[in-house]
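Below is one structure, written out as structure tokens, with a few remarks after it.
Keep in mind that the numbers below use all heavy atoms, side chains included, and drop hydrogens, waters and symmetry copies. Chain A is the first sequence line, chain B the second, and so forth, proteins listed ahead of strands; every chain is numbered from 1.
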Number of protein chains: 2
Amino acid sequence: MPLSTSDRSVVEPAIRRLSALRLLSAEARASLEYAMLEGLQRGGPGEDLLAEGDSVDSVRILLSGWLCRYKMLEDGRRQIVNFIFPGESCDTHAFLLPVMDHSIATLTPVVYAEIKRARFESLLAGDRSLAEAFWCETLVNNAIQREWAVNLGRRMALERVAHLFCEIFERLRPVGMVEGNSCIMPVTQMDLADATGLSVVHLNRTVQELRASGRIVLRDRTLTINDLDALKDAGLYSPSYLQLYRRG
Amino acid sequence: MPLSTSDRSVVEPAIRRLSALRLLSAEARASLEYAMLEGLQRGGPGEDLLAEGDSVDSVRILLSGWLCRYKMLEDGRRQIVNFIFPGESCDTHAFLLPVMDHSIATLTPVVYAEIKRARFESLLAGDRSLAEAFWCETLVNNAIQREWAVNLGRRMALERVAHLFCEIFERLRPVGMVEGNSCIMPVTQMDLADATGLSVVHLNRTVQELRASGRIVLRDRTLTINDLDALKDAGLYSPSYLQLYRRG
DNA sequence: CGATAATTTGATACGATTCAATATATGTGG
DNA sequence: CCACATATATTGAATCGTATCAAATTATCG
């Protein structure tokens with residue numbers, strides 16, 4: 001569903017995030033903004049943007065809402081392997097590989113920019129820092145993916161959930177989606193369970209434990225972290241892997 | 001420990017692997033070979049090649065032996081987040097980020113080629129297909145990392161170990177390290193436990209279960225898979241994520 | 001408002017961890 | 001080449017964390 005708007009602020013999260021990774025020239029910024037505004041799309045919740053096995057011929061940059069990357073096992077078990085937050089892009093270089101190894105789904109209503117591959121490539125060809133910013137994003141993504149392996153492999157339920165909440169909070173902050181000590185949490189507990197490798201029931205109990213100990217408030221789709229440092233301790237969280245404020 | 005040799009076959013695994021990802025010109029091949037041969041290094045088992053927090057100024061390409069990427073939690077829990085096999089490179093673009101988010105250790109004696117960043121960059125600048133091959137490697141790595149999240153989050157012990165064995169087997173094959181239905185397995189059960197997110201005791205029992213059911217033989221540091229398809233079934237393994245035989 | 005989805009609760013079962021002990025390999029120096 | 005020390009693999013028993021199943025409650029949406 002194409003979306004037209006004259007409001008350039010919709011693309012701001014992407015510009016913000018990329019600028020944090022690499023200092024972008026005014027021209028690079030402008031041409032990217034323009035390309036994004038031309039390709040604005042909307043999606044409803046619960047849609048697959050890309051499915052495992054699809055080939056990819058365009059780049060998507062999320063501007064609002066949440067996406068997730070997930071994989072399914074034959075018998076229906078689902079693992080969310082990562083979230084995608086506003087400002088982040090789906091697959092800037094996925095076309096170098098033949099097909100998607102995983103699926104990408106909307107968890108909420110979303111707005112994103114879709115840029116055709118050729119267009120995207122010429123954008124990158126025109127500006128080295130832009131190319132580097134997108135590559136950095138891939139590398140940071142890789143680092144996040146590694147931390148998820150640690151989370152799933154070596155942390156206990158309470159630590160896992162605490163860690164995930166810290167990560168979400170810290171990833172939303174640089175794109176301006178944190179207010180005070182709160183951010184939105186627009187996903188179901190089933191999604192959180194699939195992201196932490198827990199059953200819904202146990203995830204629910206774990207969340208309640210975090211609530212009961214006063215570490216978080218989670219209601220009305222809003223997460224409030226009373227004491228972020230305490231939650232980080234509980235989740236054995238060390239933020240360096242996000243490399244949030246890099247500038248080459 | 002620098003290593004000199006006149007035998008060019010040491011670099012073959014790397015050439016093979018990169019060639020599988022992208023068709024390389026004879027010149028690209030030759031210049032890469034030359035750079036690798038100039039920077040040959042040896043390492044013993046149990047050494048950190050790079051530690052979390054280090055900054056990276058050279059690229060390493062593994063030629064023989066096994067490495068692992070791992071992260072530690074404060075209290076000593078370790079998660080191996082990936083293996084690195086002969087022909088694979090450690091950090092071709094890690095210098096785009098300021099510091100390592102994880103450590104890389106030798107699991108066996110190794111031989112690798114170390115190429116200084118500037119040298120490496122000029123190599124890539126000189127040949128587009130070479131640059132693309134290395135980037136593809138990063139993307140494939142990312143896909144493997146996602147599959148590890150699935151393994152750790154949603155597979156049970158037996159499935160996890162079966163899956164890991166299948167993956168190892170399939171990653172060793174294209175670099176010629178599989179003979180018939182056997183490959184070497186030069187790591188301890190503790191390493192396998194840390195890779196699968198299990199305790200050593202339970203990993204041991206799981207391996208025994210795989211042995212008892214006749215699916216594998218594991219002794220003398222050699223893994224023999226009697227029926228690969230059966231092991232894949234047991235591990236809910238679907239190999240597409242490795243994207244082994246790509247050519248752009 | 002009713003229908004459906006999401007969250008919460010309870011009870012039970014199972015998979016995996018832990019601790020402790022033993023057995024087997026591997027490596028080292030004499 | 002053997003004796004010893006150390007690392008690795010194996011076994012058993014008890015415990016703990018998490019899953020599963022089923023039901024009840026609460027929220028959400030048309």
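- As judged by a 4.0 angstrom heavy-atom cut-off over every strand, A:Thr188 is placed among residues touching the sugar-phosphate backbone only.
- Salt bridge absent: A:Lys71 and A:Asp194 never bring a charged side-chain N and a carboxylate O closer than 4.0 Å.
- First and last contacting nucleotides of DNA chain D toward chain B (any atom under 4.0 angstrom from a heavy atom, 5' to 3' order): D:dT8 to D:dA13.
- Taking atom CE on A:Met185 and atom P on C:dA6, their separation rounds to 16 Å, with Å as the unit.
- Side-chain contact of B:Glu137 with B:Thr92: a donor-acceptor pair under 3.5 Å is absent, judged by distance alone.
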Restricting both atoms to N or O, compile the protein contacts to nucleotides 10-13 of chain C shorter than 3.5 Å, with distance only.
{"residue": "C:dG10", "atom": "N7", "partner": "A:Arg205", "partner atom": "NH2", "Å": "2.4"}
{"residue": "C:dG10", "atom": "O6", "partner": "A:Arg205", "partner atom": "NH2", "Å": "3.4"}
{"residue": "C:dA11", "atom": "N6", "partner": "A:Arg205", "partner atom": "NH1", "Å": "3.4"}

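- Atom CG in B:Asp194 sits roughly 14 Å away from atom C1' in C:dT17 (whole-Å rounding).
- Using a cut-off of 4.0 Å between Lys/Arg side-chain N and Asp/Glu carboxylate O, B:Arg154 and B:Glu159 are scored as not salt-bridged.
- Among the atoms of the strands shown, only primed sugar atoms or phosphate atoms (P, OP1, OP2) are found under 4.0 Å from some heavy atom of B:Arg211.
- The residue among A:Asn204 and B:Gly197 whose nearest nucleotide of DNA chain C lies closer to the 5′ end is A:Asn204.
- With sequence neighbours excluded, the residues that form a side-chain contact (heavy atoms from CB on, under 4.5 Å) with A:Ser213 are A:Arg215.
- At the heavy-atom level, B:Arg221 lies under 4.0 Å from the strands shown only through sugar-phosphate atoms.
- As rounded to whole Å, 15 Å separates atom P of C:dT8 from atom CG of A:Leu198.
- Residue B:Gln189 contributes atom CD, which lies 15 Å from atom P of C:dT24 at whole-angstrom precision.
- When rounded to the nearest whole Å, the span between CG of A:Leu192 and C1' of C:dT7 equals 12 Å.
- Both B:Gln208 and A:Ser199 lie close to DNA chain D; mapped to their nearest nucleotides by heavy-atom distance, the more 5′-ward contact belongs to B:Gln208.
- Shown here are the side-chain contact (heavy atoms from CB on, under 4.5 Å) partners of B:Val178, two or more places apart in sequence or in another chain: B:Phe169, B:Leu172, B:Arg173, B:Cys183.
- Salt-bridge check for B:Glu167 with B:Arg171: passed, with a basic side-chain N closer than 4.0 Å to an acidic carboxylate O.
- Residues satisfying the side-chain contact (heavy atoms from CB on, under 4.5 Å) criterion with A:Ala94, sequence neighbours excluded, are A:Val56, A:Asp91.
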Review point. Can B:Ser58 and B:Glu114 be said to form a side chain to side chain donor-acceptor pair (under 3.5 Å), step by step?
Key: CA-CA 7 Å; B:Ser58 62; B:Glu114 187 169 5; 2.8 Å; yes

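- Between the CE atom of B:Met156 and the P atom of C:dA16 there is a distance of 7 Å, rounded to whole Å.
- In terms of the side-chain contact (heavy atoms from CB on, under 4.5 Å) criterion, residue partners of B:Glu12 (sequence neighbours excluded) are, by chain and number, B:Arg16.
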